[in-house]
Amino acid sequence: MEFKQQVISALQPVLGDNVDVATLTKLIEVPKNSEMGDYAFPTFILAKSLHQAPQQIATDLVAKIDQAPFEKVVATGPYINFFLNKAAFSQVTLQEVLTQKQTYGDQDLGQGKSVPIDMSSPNIAKPISMGHLRSTVIGNSIAKILTKTNYQPVKINHLGDWGTQFGKLIVAYKKWGSEAEVKADPITNLLRYYVKFHKEDVAHPELDEEAREWFKKLEDGDQEATALWQWFRSESLKEFQKIYDMLGVEFDSFNGEAFYNDKMDEVVNLLAEKHLLVKSQGAEIVDLSKYNLNPALIRKSDGATLYMTRDLAAAIYRKRTYHFAKSLYVVGNEQSEHFKQLKAILKDMGYAWADDIIHIPFGLITENGKKLSTRQGRVILLEKVLNDAIDLAKQQIEAKNPTLANKDQVAKEVGVGAVIFHDLKNDRMDNFDFNLEEVVRFEGETGPYVQYTNARAQSILRKSGVSVPDTAEVGLDDPEAWEILKLLNDYPNVVQRALAAYEPSVIAKYSLHLAKSFNKYYAHTRILVDDGQLTAKLRLVKAVSTVLENALGLLGVASPEEM
RNA sequence: GACACAGUGGCUCAGCUGGAUAGAGCAACGGUCUUCUAAACCGUAGGUCGUGAGUUCAAGUCUCACCUGUGUCACCA
């Protein structure tokens, strides 16, 4: 960042009043090809006011610029290209990374403000699928990015532990289930009952009526219904916890839908007080036509509340409890209309903080182009995917590094890392069709590639047998090292971009770039030879490893030291 | 039908706030392990950036229209 300032300072005096600092800062860019320089200033905008060709302007300006702080400044066509002083840049960058270690890239953007994140949110009695993986790992990564920029994330697992599906589940359990089955394998069997219910109710619509009755009982606190609900919930949570442990994700709250049951009346009353509630076809709705949105259902004709009612209660509860700066919802893109409605209603209720409600949508995972559906039993079980990935990682280790210590631990870190990284490396809005081979790939642009790169760096540091000094003179002048140094210097900026867009993929892509540039360097430069630059090279290696581990950490991916 | 998201080489995707010959990875073909982990590196081949207008000195990037795909559209979440 401060190096860009050098460029600005050099240009300002020669530009005079022609360009103000703000536009100047905006115009300065990084050339695509680093052979053209480290920063560039395009002169087109001056052409009109100076009545000269941009090429001519560039040449004239270069002659006037104080070149002292730079390696060189040259005019290339209409561009002024700045080449930074590599020694100074390397010195500053390496020292920053090595002294700040894992705090490198930390920034106080949030001043400790609280940011609840609604994430993961699986449904009780249903398995965690690939769809939940997205919400879980995106939310988890955003939480880590928030912490790094001094916000205080609150990870909320808004469990789907209420709703008419529990009526269905109770009916199905009573008709076709057994206690022994549920105890043996809760999720599998509960899901089986649920799927069977949906098959049967096509021919026997009276089942739906029964389910509605049982859910009503549950809402009214009926003992049998409540006991079953609680049992299903606790068995399910135990199963979920296994997966969260594998993923290394922890939550600050498991307040799900049921938690808001006693907070619904207040919402309905508030809406009524503000005359926002309208009767329509027996139901109570909020009209949102002025926002060009469909009406939002608050209460069904039978008096039961809905998803929207609950989310309103949750939003208000979170504002009161956490006094949030922003309230995030990592929920699939197919629900974007819902969140628009939610914000619109909160705004109509007079809450200025409605604007701080932020939906972070993500694309759909399909299988053979079709949407996954628990109801139809078309589901990709996350646990199975993770286990498959771990098995494949284990095979890979046996083949490539059979003498490795704690193989099982590393296999877990690599396998799970592959799955998480695969999910985070692309723009979160991209849809993707599930393909196991693709997800657990270890070569090319993958998590294991980044992990492997770091393991190589760690290996060198181990074998060097020396402790690398945080401060020392550096004199790395080959272009491959220079690429790495520029990337290292860019990291804080990358973190900032990831935060601004709520995009873990920005971090993931950066880690791939850094890994790639290091592998290139590694392939062409022998590090462990004393050529007078040994210390400098080791410092570079250590800095790369530090930042790779940091970046992987922000994604929730482990960094094994050997693999 | 309305709204939302997407449309870049065979496949999967990059391309930050519009800027200099559009970049990777898979897959294909060829090369590199007696030397720091070949989960790597190097090279070859492959693209009218959905289509058509417009704004601009400059458009993959902004605007509009259209085409295609996916999703959503009141008593599920």
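Note on naming: letters A, B, ... go to the chains in the order of the sequence lines (proteins, then strands), and numbering restarts at 1 for each one.
Residue pairs meeting the ring pair (Phe, Tyr, Trp, His ring centres under 6.0 Å) criterion with at least one member in residues 493-544 of chain A, sequence neighbours excluded: Tyr491(A)-Tyr510(A). Residues in residues 423-457 of chain A take part in these ring pair (Phe, Tyr, Trp, His ring centres under 6.0 Å) pairs, two or more places apart or across chains: His422(A)-Phe432(A).
Partners of His359(A) under the ring pair (Phe, Tyr, Trp, His ring centres under 6.0 Å) rule, at least two apart in sequence or in another chain, are Phe339(A). When the ring pair (Phe, Tyr, Trp, His ring centres under 6.0 Å) test is applied to Phe41(A), no partner is found at least two apart in sequence or on another chain. Residues satisfying the salt bridge (Lys or Arg N to Asp or Glu O under 4.0 Å) criterion with Arg134(A), sequence neighbours excluded, are Asp423(A). Checked against side-chain contact (heavy atoms from CB on, under 4.5 Å), Ala344(A) has the following partners two or more places apart in sequence or in another chain: Leu288(A), Tyr291(A), Leu293(A). Taking Arg497(A) as the reference, nothing meets the salt bridge (Lys or Arg N to Asp or Glu O under 4.0 Å) condition, with sequence neighbours excluded. The salt bridge (Lys or Arg N to Asp or Glu O under 4.0 Å) search around Arg299(A) returns Glu284(A), not counting sequence neighbours.
Contact annotation: Arg441(A) side-chain N/O to G25(B) OP1/OP2 distance is not under 4.0 Å.
Rounded to the nearest Å, the gap between the C1' atom of A45(B) and that of A27(B) is 13 Å. Comparing C76(B) with U61(B), their C1' atoms are spaced 39 Å from each other, to the whole Å. Comparing the same atom, C1', in G7(B) and in U12(B) gives a spacing of 14 Å after rounding to whole Å. Nucleotides A58(B) and G54(B) are separated by 12 Å at their P atoms, to the nearest Å. Taking the P atoms as reference points, A38(B) lies 12 Å from C33(B), given to the whole Å. Across the C1' atoms, G60(B) and G9(B) are found 14 Å apart, a figure rounded to whole Å. U68(B) and U51(B): their P atoms are spaced 15 Å apart (whole Å). U8(B) sits 10 Å from G15(B) when the C1' atoms are compared, rounded to a whole Å.
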Next item on the list: Evaluate the side chain to side chain donor-acceptor pair (under 3.5 Å) criterion for residues Ser505(A) and Asn426(A): first the C-alpha distance (whole Å), next the side-chain angles of each, then the deciding distance (0.1 Å), finally the verdict.
Entry: CA-CA 5 Å; Ser505(A) 68; Asn426(A) 288 332; over 6 Å; no
Margin query: Assess the residue pair Leu271(A) and Ile345(A) against the criterion (side-chain contact (heavy atoms from CB on, under 4.5 Å)); give the C-alpha distance rounded to whole Å, side-chain angles, the decisive distance to 0.1 Å, and a yes or no.
Written below: CA-CA 9 Å; Leu271(A) 288 167; Ile345(A) 296 172; 3.8 Å; yes
Margin query: Checking Ile460(A) against Lys537(A) for the side-chain contact (heavy atoms from CB on, under 4.5 Å) test, could you report, in this order, the C-alpha distance in whole Å, the side-chain angles of both residues, the deciding distance, and whether it holds?
Written below: CA-CA 10 Å; Ile460(A) 288 178; Lys537(A) 288 185 293 183; over 6 Å; no
Check: Once Watson-Crick and G-U wobble pairs under 3.5 Å are found, how is RNA chain B written in dot-bracket notation, 5' to 3', with | for any base paired to another strand?
Finding: (((((((..((((.....[...)))).(((((.......))))).....(((((..]....))))))))))))....
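For Phe432(A), the side-chain atoms get nearest to C13(B) when compared with the rest of G71(B), A4(B), C13(B). Ranking A24(B), U21(B), C57(B) by closeness to the Phe44(A) side chain, first place goes to C57(B).
Contacts of Ala304(A) with the nucleic acid, taken as non-hydrogen atoms under 4.0 Å apart, are absent. As judged by a 4.0 angstrom heavy-atom cut-off over every strand, Pro361(A) is placed among residues making no nucleic acid contact. Within the 4.0 angstrom heavy-atom criterion, base atoms lie near Ser280(A). Contacts of Leu306(A) with the nucleic acid, taken as non-hydrogen atoms under 4.0 Å apart, involve only primed sugar atoms and P, OP1 or OP2. Within 4.0 Å (heavy atoms only), Gln281(A) reaches at least one base atom of the nucleic acid. Looking at heavy-atom distances under 4.0 Å, Asp490(A) makes no contact with the nucleic acid at all.
Syn is the classification of C33(B), since its glycosidic angle stays within 90° of 0.
RNA chain B is contacted by both Trp162(A) and Asn33(A); Asn33(A) maps to the nucleotide lying nearer its 5′ end (nearest heavy atom per residue). Mapped onto RNA chain B by nearest heavy atom, Ser336(A) and Arg310(A) fall at different nucleotides, with Ser336(A) at the one closer to the 5' end.
Partner of Asn294(A) under the side-chain hydrogen bond (donor to acceptor under 3.5 Å, both in side chains) criterion, out of Lys340(A), Glu337(A), Gln341(A): Glu337(A) alone. Evaluated for a side-chain hydrogen bond (donor to acceptor under 3.5 Å, both in side chains) with Gln409(A), the options Lys412(A), Glu413(A), Lys407(A) yield exactly one hit, Glu413(A). When the options Val330(A), Ile156(A), Asn157(A) are evaluated for a side chain to side chain contact (heavy atoms under 4.5 Å, CB included) with Ser120(A), the one that passes is Asn157(A).
A straight line from NZ of Lys340(A) to P of A4(B) spans 6 Å, rounded to a whole angstrom. Taking atom NE2 of residue His338(A) and atom C1' of nucleotide A4(B), one finds them 15 Å apart after rounding to whole Å. To the nearest angstrom, P of U72(B) lies 13 Å from CE of Met429(A).
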If you restrict it to nitrogen or oxygen atoms, what contacts under 3.5 Å exist between nucleotides 14-16 of chain B and the protein, and what is each distance?
residue	atom	partner	partner atom	Å
A14(B)	OP1	Asp427(A)	N	3.3
A14(B)	OP1	Asp430(A)	OD2	2.7

All N/O pairs under 3.5 Å across the protein-nucleotides 62-64 of chain B interface:
none

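Under the 4.0 Å criterion applied to side-chain N and carboxylate O atoms, Arg318(A) and Asp118(A) are assigned as salt-bridge partners.
Other residues, nucleotides and ligands contribute at most 12 non-hydrogen atoms within 6.0 Å of the NZ atom of Lys216(A).
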Next item on the list: Let me have a per-nucleotide readout for nucleotides 33-40 of chain B, 5' to 3', with B, S or -, counting only protein heavy atoms under 4.0 Å.
Entry: --BBBSBS
